[in-house]
Amino acid sequence: MKGRIRLALAGLVALALAAGGAALTGGASATPPDLLQAAKAAGAKFHSIEQAERAGYELASPCVESPAGGMGFHYENPELMADDAIDPLRPEILVYAAKPNGRPELVAIEYWKRDADGSRLTSGDRPSVLGQAFDGPMPGHSPVMPVHYDLHVWLYEANASGMFAPFNPAIDC
């Protein structure tokens, strides 16, 4: 009897470890808080713009702001933007803001996907990640950017408007 109990406990421990591993890698059993932590850890290597540039991210915009607050400077990865796959551990865009010391710091990540039919009137292909539906469809933010969806995630700077809000009232340009 003791042997069966030990075997059953060992099986439960193995199952728990497997589920935990799936959560960290974004497997089907992952919960949004697990994925948020994994996404935050994956983006941490890009706190330096130089590291982001070495990984293929390029400055794509001046500092963006609106009456609702700022976004900051967007660094896009063209290779990731060309691929329609959404990987929570590989954001298409990194968002930096100048801090009081003048140095730019990573404040958010942004997921991006082109709209399949290029129409702002349909949204049947709206993607989601981290348990959140993307904003859009919206027009491109530059002449060469197509109609798309995007989702900001303020992982490195608190946002009074919400973690997934596009603009952050704490960000100034």
Chemist: Checking the side chain of Ser119 only, and the main-chain atoms of Leu121 only, is there a donor and an acceptor separated by less than 3.5 Å?
Modeler: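 Flag set: sc Ser119 to bb Leu121 pair under 3.5 Å.
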
Chemist: Rounded at 0.5 Å granularity, tell me how far NZ in Lys40 sits from CG in Leu130.
Modeler: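 If I round to the nearest 0.5 Å, the distance is 13.0 Å.
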
Chemist: Do you know which two heavy atoms are closest between Ala160 and Pro169, and how far apart they sit?
Modeler: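 For Ala160 versus Pro169, the nearest heavy atoms are CB-CG, 4.2 Å.
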
Chemist: Please report the shortest heavy-atom distance between Glu58 and Pro78, naming the atom on each side.
Modeler: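 Scanning both residues, the minimum pair turns out to be OE1-CG, 3.6 Å.
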
Chemist: Search all heavy atoms of Glu76 against all heavy atoms of Ala60 and return the closest pair with its distance.
Modeler: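 Glu76 and Ala60 have their closest heavy atoms at CD-CB, 3.3 Å.
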
Chemist: Could you tell me which non-hydrogen atom of Gly102 sits nearest to which non-hydrogen atom of Ala98, and how far apart they are?
Modeler: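 Smallest interatomic distance, heavy atoms only, reads O-CB, 4.3 Å.
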
Chemist: Can you tell me how far CD of Glu157 sits from CD1 of Ile171, rounded to the nearest 0.5 angstrom?
Modeler: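 Reported to 0.5 Å precision, the distance equals 4.5 Å.
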
Chemist: Who are the salt bridge (Lys or Arg N to Asp or Glu O under 4.0 Å) partners of Glu79, not counting sequence neighbours?
Modeler: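 With neighbours one apart ignored, the set is empty.
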
Chemist: Using modelled atom types and a 3.5 Å cut-off, is there a donor and acceptor pairing between side-chain atoms of Asp115 and backbone atoms of Pro137?
Modeler: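 Here the side-chain-to-backbone pair does not exist.
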
Chemist: For Ala108 and Trp154, which heavy atoms make the closest approach, and how far apart are they?
Modeler: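 Of all heavy-atom pairs spanning Ala108 and Trp154, the closest is CB-CE3, 3.6 Å.
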
Chemist: Going through the checks in order, is the side-chain contact (heavy atoms from CB on, under 4.5 Å) test met by Phe164 and Asn159?
Modeler: CA-CA 9 Å; Phe164 300 102; Asn159 186 349; over 6 Å; no

Chemist: To the nearest 0.5 Å, what is the distance between CZ (Arg90) and CD1 (Ile109)?
Modeler: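 So the gap between those two atoms works out to 13.0 Å.
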
Chemist: What do you reckon, are the aromatic ring centroids of His148 and Phe134 less than 6.0 Å apart?
Modeler: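 Ring-ring flag for His148/Phe134: false, centres at least 6.0 Å apart.
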
Chemist: Donor-acceptor pair, distance only, cut-off 3.5 Å: does the side chain of Arg126 make one with the backbone of Gly136?
Modeler: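 Answer holds: yes.
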
Chemist: Would you call Val64 and Phe167 a side-chain contact if the rule is heavy atoms closer than 4.5 Å?
Modeler: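 They are in side-chain contact.
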
Chemist: Measuring only between side-chain heavy atoms, which start at C-beta, is Leu36 closer than 4.5 Å to Val153?
Modeler: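 Yes, close enough: below the 4.5 Å cut-off.
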
Chemist: Quick check: is Met71 connected to Tyr111 through a chain of hydrophobic side chains (ILVMFWY, heavy atoms under 4.5 Å apart)?
Modeler: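 They do not share one cluster, since no chain of ILVMFWY contacts under 4.5 Å joins Tyr111 to Met71.
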
Chemist: Check the pair Val95 / Tyr156 against side-chain contact (heavy atoms from CB on, under 4.5 Å), numbers first and verdict last.
Modeler: CA-CA 10 Å; Val95 183; Tyr156 311 101; over 6 Å; no

Chemist: Output yes when a side-chain donor or acceptor of Glu92 lies under 3.5 Å from a complementary backbone atom of Trp112, and no otherwise.
Modeler: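 Checked: pair present.
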
Chemist: Which label fits Tyr75 and Tyr96: parallel for a plane angle under 30°, tilted from 30 to 60°, or perpendicular past 60°?
Modeler: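 Ring orientation, 0 to 90° scale: perpendicular.
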
Chemist: What's the shortest heavy-atom distance between Phe73 and Pro62, and which atoms?
Modeler: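 Smallest interatomic distance, heavy atoms only, reads CD2-C, 3.7 Å.
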
Chemist: Within this structure, what is the OG-NE2 distance for the pair Ser161 and His152, rounded to the nearest 0.5 Å?
Modeler: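 Reported to 0.5 Å precision, the distance equals 12.5 Å.
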
Chemist: Going hydrophobic residue to hydrophobic residue with side-chain gaps under 4.5 angstrom, can you get from Leu80 over to Ile49?
Modeler: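 Same cluster.
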
Chemist: Just verifying a value: how many Å separate Leu106 CG and His47 NE2, rounded to the nearest 0.5 Å?
Modeler: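 Answer rounded to 0.5 Å: 5.5 Å.
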
Chemist: Any chain of hydrophobic side-chain contacts (each under 4.5 Å) joining Ile93 to Tyr149?
Modeler: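 No; tracing contacts between hydrophobic side chains, which count when under 4.5 Å, never links both residues.
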
Chemist: If I take atom CE from residue Met81 and atom CG from residue Asp150, how far apart are they, to the nearest 0.5 angstrom?
Modeler: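 Answer for the CE-CG pair, Met81 versus Asp150, is 9.0 Å.
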
